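Scope of the values below: all heavy atoms of this structure, side chains included, with no hydrogens, waters or symmetry mates. A, B, ... follow the sequence lines: proteins, then strands. Residue 1 opens every chain. Remember, predicted model here, so these are calculated numbers, not experimental data.
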Amino acid sequence: MQEAMINKAKQLLADGTVSRVIGWKRGEFAYDITPAVFETAEELEKDFVFDDFTSANVSKYLVKESKKEGKVLVFLKPCDTYSLNQLTKEHRVDRDNIYVVGIPGGPKLDIEKIKAKGITGITSVKNDNFTLKIETLYGEETMPFYEAVLDKCASCKSKKHVTYDELIGEDGDTLESNRFDMVEQLENMTSQERYDFWRSELSKCIRCNACRNVCPACTCENCVFDNPASGIDNKAPADSFEENMFHIIRAFHVAGRCTDCGECSRVCPQHIPLHLLNRKFIKDINSLYGEYQAGADTTSRAPLTDYTADDCEASIVHERGVE
Amino acid sequence: MQVNDNKEFQPLIVAFCCNWCSYAGADLSGTNRLNYPTNVKIIRVPCSCRVNPMFILRAFQKGADGVILCGCHPGDCHYTSGNYFTRRRMTLLFSMLDFLGIERDRTRVEWVSAAEGAKFAATMNEFTEAVKKLGPNRRLEDLRCRKQ
Amino acid sequence: MLRISADKIYELLGAASAAQTVYIPSEREDGEAEFKKYESGMKLTNRLNTLRSAKDFFFPQTEDLVEFKVDGKNIEISDVRKESEDFIIFGVRPCDARSFTILDKVYLVEPVDSFYKNRRDHGTVVTMACSRPAETCFCQTFGIDPTAPEGDCSVWNDGSYYYFKSNTDKGQKFIDSVTSLLEESDTAELDKSIEKTKEVMKKLPLANLSTENFGGDKLNEYFSSDKWAELSESCLGCGTCTFVCPTCQCYDIKDFNTGHGIKRYRCWDSCMYSDFTKMAHGNPRLTQLERFRQRFMHKLVYFPANNNGEFGCVGCGRCLSKCPISMNIVKVMKALEVK
Amino acid sequence: MQRIGVFVCHCGTNIAATVDVKTVAETLGKEPGVVISQDYQYMCSESGQNLVKDAIKEHNLTGIVICSCSPRMHENTFRKAAAAAGLNPYLVEIANIREQCSWIHKEIATATEKAVILGRAAIAKVHLNAPLTAGESPVVKKALVIGGGIAGIQTALDIAEAGFDVDIVEKNPTIGGKMAQIDKTFPTLDCAACILTPKMVEASQNERITIRSFSEVTDVKGFVGNFTVKIKKKARYVDETKCTGCGLCTEKCPMKKVPNEFNMGLDNRSAVYIPFAQAVPKVATIDPNYCMMLKTGKCGVCSKVCSVGAINYKQQDEIIEEKYGAIIVATGFNPISLDKYDEFAYGQSPDVVTSLELERLMNAAGPNGGTLLRPSDKTHPHTIVFVQCVGSRCDDSKGKPYCSKICCMYTAKHAMLIREKYPDTEVYVFYIDVRTPGKNFDEFYRRAVEQYNVHYIKGMVGKVTPKSDGKIDVQASDLLANEQLHINADMVVLAAAIEPDKTARPLATMLTTQMDTNDFFTEAHPKLRPVESATAGIFLSGACQGPKDIPETVAQASAAAAKAIGLLCKNSITCNPCVAHSNELMCNGCSSCEKVCPYGAITYIDKEFRMPDRTTKVRRVASVNPAVCQGCGACTVACPSGAMDLNGFSNSQIMAEVDAICK
Amino acid sequence: MNKNLKEQVLRSSGVNVLKCMRCGKCSGTCPSYDEMEYHPHQFVYMVEKGDIETLMKSPSIYKCLTCFACVERCPRNVEPAKVVEAVRLAAVRQQDGNHLSPDMIPEMLDDDLPQQAIVTALRKYAK
């Protein structure tokens with residue numbers, strides 16, 4: 001696949017279709033891959049990589065890149081195409097200036113899950129028929145492939161590219177996913193249990209803003225949390241309230257816009273399951289206002305900028321669930 | 001708010017009222033001398049759709065024990081559609097607060113028309129009682145703001 | 001050297017914690033390690049290092065500085081400083097131990113930061129030598145020997161025993177407080193284990209990373225390098241690297257209106273943030289490139305320039321594993337070096 | 001530094017009896033920024049206002065807080081006072097310590113405490129108030145009247161008279177509306193056509209009036225003074241400019257079996273038709289549902305006989321776009337459908353008719369040339385029963401909850417006319433109440449009873465049964481005699497309730513005006529602004545606002561015209577300054593705000609920005625038209641970056657209030 | 001006027017008699033009108049006045065066929081038939097005391113008595 005992608009990129013660079021390529025660049029180790037812009041065939045040959053660790057959603061870079069001179073080629077996994085559609089819909093990217101090559105999706109691997117097994121000194125990770133062979137400074141280790149799959153891939157919602165100019169490989173379909181299971185599990189807890197769960201999770205937050213800055217829906221010119229004029233800006237969670245505040249408001253701002261790409265949880269250095277907040281909104285929207293998948297198209301009205309005269313009342317929150 | 005051993009807990013309730021219906025409804029309950037507790041403090045907004053979730057969280061941060069939003073009845077919005085947006089926004093926000101384990105009875109949306117002075121007073125009485133039962137807001141408070 | 005058999009280490013921690021609070025690195029549910037207050041039953045982690053560095057103990061993420069109260073038209077100012085209690089951080093890795101030396105150079109020089117000093121004076125740092133370095137480790141680059149840790153008291157673990165050596169009075173006091181549990185022994189076994197570690201050190205992927213091309217005199221060489229654009233291109237501008245870094249020491253001061261007064265507090269800042277050092281006229285570093293450059297220039301050039309060649313990095317490797325897009329100081333060093 | 005004045009009103013004892021106003025004034029006087037805090041007996045009185053004005057001047061105040069009654073009462077009073085003293089009127093805040101404090105609380109201690117908190121919130125807000133200046137927007141000096149009935153015609157004539165251009169859009173081929181179908185008018189019994197048709201002609205001849213018949217409004221954009229309206233001119237397959245209205249085509253048209261809507265379907269017309277002799281414009285229209293040429297392509301008779309070549313089978317609907325400064329809605333009414341009232345046998349017997357059908361049956365231009373004959377067998381009816389309140393005054397599930405207002409009078413008129421013309425006919429009127437408030441109305445009704453011996457029976461018809469002999473059995477109660485009656489009638493006339501025209505609701509949506517649950521347009525104020533809608537620049541004329549008889553309709557039509565003229569006279573209008581505005585530096589251009597704006601006040605522009613790093617960047621940013629924005633604030637919450645804010649109710653102002661209250 | 005009786009009739013009928021606008025359509029539509037001493041509209045009005053006992057004594061309560069024409073046609077949804085039925089029920093209840101005792105019923109049975117009559121007898125006359 002990597003070969004095919006490099007060839008495609010080289011071809012499109014050569015024939016002048018595009019002037020830059022957004023992809024992933026090899027790092028120091030087996031897994032530390034950095035999204036990067038490539039401009040020449042040599043750079044591609046040298047550093048372009050596509051493997052089990054190229055999980056980063058690069059669509060957000062298009063906000064910046066699509067406004068530069070010349071067309072940009074971007075390789076998007078199915079989940080990433082939803083993000084691009086949403087950005088297109090919100091006029092945050094110039095779609096005409098983007099050449100999308102759809103590539104197959106995951107499942108991608110989570111190095112943190114490997115390290116959490118106590119495996120250290122990792123020098124290489126190989127997938128041998130769904131068993132990971134991990135070379136380390138202290139000898140070889142193995143673990144089942146699926147135990148190291150990223151959470152976002154484990155609950156994949158779609159293998160379908162919703163926007164592309166060209167595909168490498170076959171397009172897939174949307175999937176029946178179990179992505180709301182955990183949300184439901186929490187909903188079935190008592191209020192106190194939920195409170196305890198979220199307190200223990202959110203208290204880990206160090207406000208590094210990685211979740212926000214990686215989020216393709218968070219592309220504000222100036223985030224309210226960075227803007228002293230907003231009245232709610234803060235830099236560090238000085239109190240448990242501020243941990244709540246940041247995550248509630250952020251989830252609310254992306255409600256109806258979040259494509260559930262899962263990047264927020266992937267990048268959280270503290271492993272807070274932030275995607276659950278977004279999924280809660282998605283689940284509520286689906287059940288209260290009809291199925292809605294942000295980014296599935298570029299024209300539909302988002303649930304929060306829409307209404308019907310017979311929407312349910314807010315008291316529905318009081319009427320359902322356990323106490 | 002303060003809890004004294006010999007004094008009943010007095011919750012602080014912030015009520016956002018739209019200018020055209022609910023604020024007028026609140027005025028009407030005054031004109032008709034319909035009592036509701038002093039715990040309720042009203043903030044006038046042009047339309048319920050002006051109420052940003054930030055305001056609600058801010059109220060809880062600064063010590064409110066309950067927040068209630070009042071607007072025109074759906075279909076009667078002075079601005080045609082404002083309260084429909086409010087309804088969706090608040091449904092989702094309240095659901096999220098519930099998801100985070102914040103007590104459901106601390107937040108509420110009620111549609112009160114300019115003619116419903118009695119409903120306004122009854123709603124405020126009822127809501128204050130409900131919040132009183134919950135006791136002080138602890139799950140969504142900012143400890144720095146707690147009154148000594 | 002004094003030692004205690006590995007199975008008795010919790011006895012020792014228990015004894016120490018009777019006198020003062022002891023923090024140890026222990027694992028939490030998600031497999032990451034963090035420093036926690038020792039209570040009986042707790043286990044030391046097997047992870048090499050904690051997710052967050054140990055700098056929190058002396059330089060916490062947020063800290064109240066002063067309070068104002070407004071009464072009518074009068075303002076009343078109150079000092080909120082409290083004398084810290086004595087505490088022990090057990091199991092600090094050599095890299096983190098060195099980070100304190102770096103922070104000291106910032107906060108203990110005139111004007112001394114009394115908040116920092118207060119904590120520093122009351123904390124005893126008990127370091128733990130490394131035996132299983134990770135691929136992300138490059139402390140050697142900055143002259144740190146992970147088998148010979150600094151700190152008030154150094155500890156080695158060869159698998160069967162923990163060996164103790166005090167480096168300061170505070171360290172000696174710690175050893176004295178648990179001396180009844182320790183036994184005198186030779187270090188033959190330990191030396192063997194150290195040798196083994198040193199062998200691994202040589203094989204580390206970053207073992208050859210060198211600082212020879214960096215230092216206080218390299219300002220002109222690197223400041224205008226065209227590499228910065230490429231390196232910073234994918235930077236998200238989040239503060240992960242800064243907040244897990246043991247040596248990042250920047251903070252911002254903010255006021256918070258509590259409704260019954262104003263709390264002035266400081267909190268960590270990150271040079272990666274768009275509002276870093278924002279002043280009335282605006283932000284001196286307008287683009288992510290400049291902010292990105294700031295972080296690495298600070299560690300590799302500005303800091304050594306002001307501190308007799310000492311670098312502002314200890315090679316702990318946290319930013320290598322935590323950066324969401326895997327951009328880090330190693331990649332920067334390697335990219336800049338290429339002539 | 002702010003210099004804020006606080007003024008606490010006693011409102012006699014209204015406030016002072018439960019709120020310790022002295023303490024309130026004293027406590028608030030200690031708030032930061034407050035330089036003067038006073039209390040006074042009646043702050044809204046002239047001397048009270050003078051107190052405020054003097055304080056503004058003396059202390060050079062930058063903002064004032066009035067602790068008094070509801071801002072809905074006196075906000076404007078104090079804004080004007082502030083303006084008179086040289087302070088921007090939007091630097092005034094009101095703390096409502098009467099309706100929302102003194103009147104609802106009993107304990108002085110707690111009420112005073114609350115008053116102080118409300119005062120503090122107002123002070124916190126006024127600290128952040130910015131002086132606002134109302135913007136101006138130009139007025140297009142042309143009005144649109146939607147509906148060409150008597151209401152629309154009168155409104156148009158009055159506006160034209162005042163010297164402004166006015167367009168009438170009428171969905172039917174002719175103007176005239178319901179009044180054109182009516183035979184005589186009460187209480188004077190003059191002929192409707194005699195008084196209406198001259199007005200129709202006047203309208204068609206007035207050079208300031210353009211009649212757009214057979215047209216419908218399809219889209220309305222814009223705002224007061226500046227509406228852009230799309231009008232669909234439906235294809236009538238006849239060139240209006242050529243047609244002379246000679247009527248030859250209508251005579252020659254072979255398709256003659258088309259129910260004649262002008263005569264309520266009681267007779268037929270041809271496929272090409274002119275609704276009635278005095279139609280304006282007097283132009284033929286081809287009904288595409290019946291025209292053989294249009295349906296099958298075979299015929300073409302009308303085209304052949306037309307000497308001026310006005311027939312054009314290829315005509316298409318046409319969309320016209322026009323700009324107007326004011327819009328007057330005059331969409332009128334219709335009788336309700338009687339399908340669900342089985343008991344009255346409407347639909348079972350042709351001799352059970354509605355009142356409007358009776359009008360046509362009695363009209364000289366009607367199906368029987370003015371002789372009242374039973375529709376079934378064209379015989380002269382000897383017993384006629386009138387039933388009042390059919391579908392009016394009902395429970396919501398059974399019909400219309402309101403009184404249709406005109407039925408009592410037109411029934412008296414019908415009864416009287418029949419008795420006058422056919423003295424051998426017995427006329428019974430079943431009524432629940434006879435409602436005749438109006439000049440000479442009750443006299444008129446009494447005349448029907450006393451002079452014409454119409455049998456008025458208090459009671460209701462319970463069941464109407466057509467019999468095999470062609471008669472109709474009417475079973476009813478006579479409440480005063482306490483007996484049940486059976487009347488062997490020849491005809492039954494039902495006073496059907498009236499309802500707004502079906503086109504009104506979609507129109508209301510286009511105009512963003514409000515309607516009540518019965519689809520009548522809601523006036524801006526039921527007493528004080530009865531001819532204006534709540535949406536600026538939209539006025540209401542005639543029965544679209546509620547049931548009305550002709551004199552009332554004409555009165556309201558002229559009133560609506562006067563209001564519209566008042567608007568058109570202005571060169572520009574002052575806008576509400578409490579509108580949204582977008583901070584372009586923070587705006588993402590994501591379009592969220594635009595989607596929630598009910599007025600279409602937000603547009604996007606690509607704007608060049610000089611970045612702090614001296615580069616130029618073109619960004620899509622939102623721009624609010626302050627003349628269109630009504631200040632609801634929906635956009636401010638839809639905006640994730642907080643770029644959108646609302647003057648007078650900004651994020652920081654509301655949060656300052658929250659903070660002050662939660663202190 | 002017996003307030004309790006009025007309450008009882010209002011409660012058991014579920015009718016709001018104040019909705020009546022006195023149009024008389026119920027009586028105009030009633031097929032039993034001529035049989036009745038008090039007519040449907042009078043039932044509504046008299047219940048409103050509280051004059052229930054007069055109605056209870058009147059044979060009119062047994063003349064109503066419960067055809068529900070009045071309910072169907074009442075423009076205000078007053079449902080006069082339900083009022084009549086409620087008054088009838090009030091009368092039946094007052095027969096307390098002189099009702100049949102269940103053990104009297106078997107004696108009265110004969111083969112021609114419909115089953116339903118027995119059920120009715122028990123329902124109406126047992127305590």
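- Interface residue E:E72: only backbone heavy atoms are found under 4.5 Å from chain D.
- Here the shortest heavy-atom pairing between E:C23 and D:S477 reads O-OG, 4.5 Å.
- The environment of CD in E:E37 is crowded: more than 12 heavy-atom neighbours from other residues, nucleotides or ligands sit within 6.0 Å.
- Heavy-atom distances place both the backbone and the side chain of D:N482 under 4.5 Å from chain E.
- Taking a 6.0 Å sphere around NZ of E:K82, one finds it holds 12 or fewer heavy atoms contributed by other residues, nucleotides or ligands.
- Judged purely by atom type and a 3.5 angstrom limit, D:E343 has no side-chain atom pairing as donor or acceptor with the backbone of E:R73.
- A 6.0 Å sphere centred on OH of D:Y452 holds more than 12 heavy atoms belonging to other residues, nucleotides or ligands.
- Counting non-hydrogen atoms of other residues, nucleotides and ligands closer than 6.0 Å to NZ of D:K439 gives a total of 12 or fewer.
- Put simply, OH on E:Y33 and CD on D:E483 are 7.0 Å apart, with the number rounded to the nearest 0.5 Å.
- Under a cut-off of 6.0 angstrom, the local environment of NZ in E:K19 is crowded, with over 12 non-hydrogen atoms contributed by other residues, nucleotides or ligands.
- Residues D:S397 and E:N77 share a closest heavy-atom pair of OG-ND2, 2.6 Å.
- At least one side-chain heavy atom of D:R393 sits less than 4.5 Å from a side-chain heavy atom of E:M21.
- Of all non-hydrogen atoms in E:R22 and D:I432, the two that sit nearest each other are O-CG2, 3.8 Å.
- A donor-acceptor distance shorter than 3.5 angstrom exists from the side chain of E:T29 to the backbone of D:G462, with no hydrogens or angles considered.
- Atom-to-atom distance recorded for E:S27:OG and D:D478:CG is 10.5 Å, nearest 0.5 angstrom.
- In this structure, E:K25 and D:F344 approach most closely via the heavy-atom pair NZ-CZ, 3.4 Å.
- At a threshold of 4.5 Å between non-hydrogen side-chain atoms, the residues E:C30 and D:Q484 count as touching.
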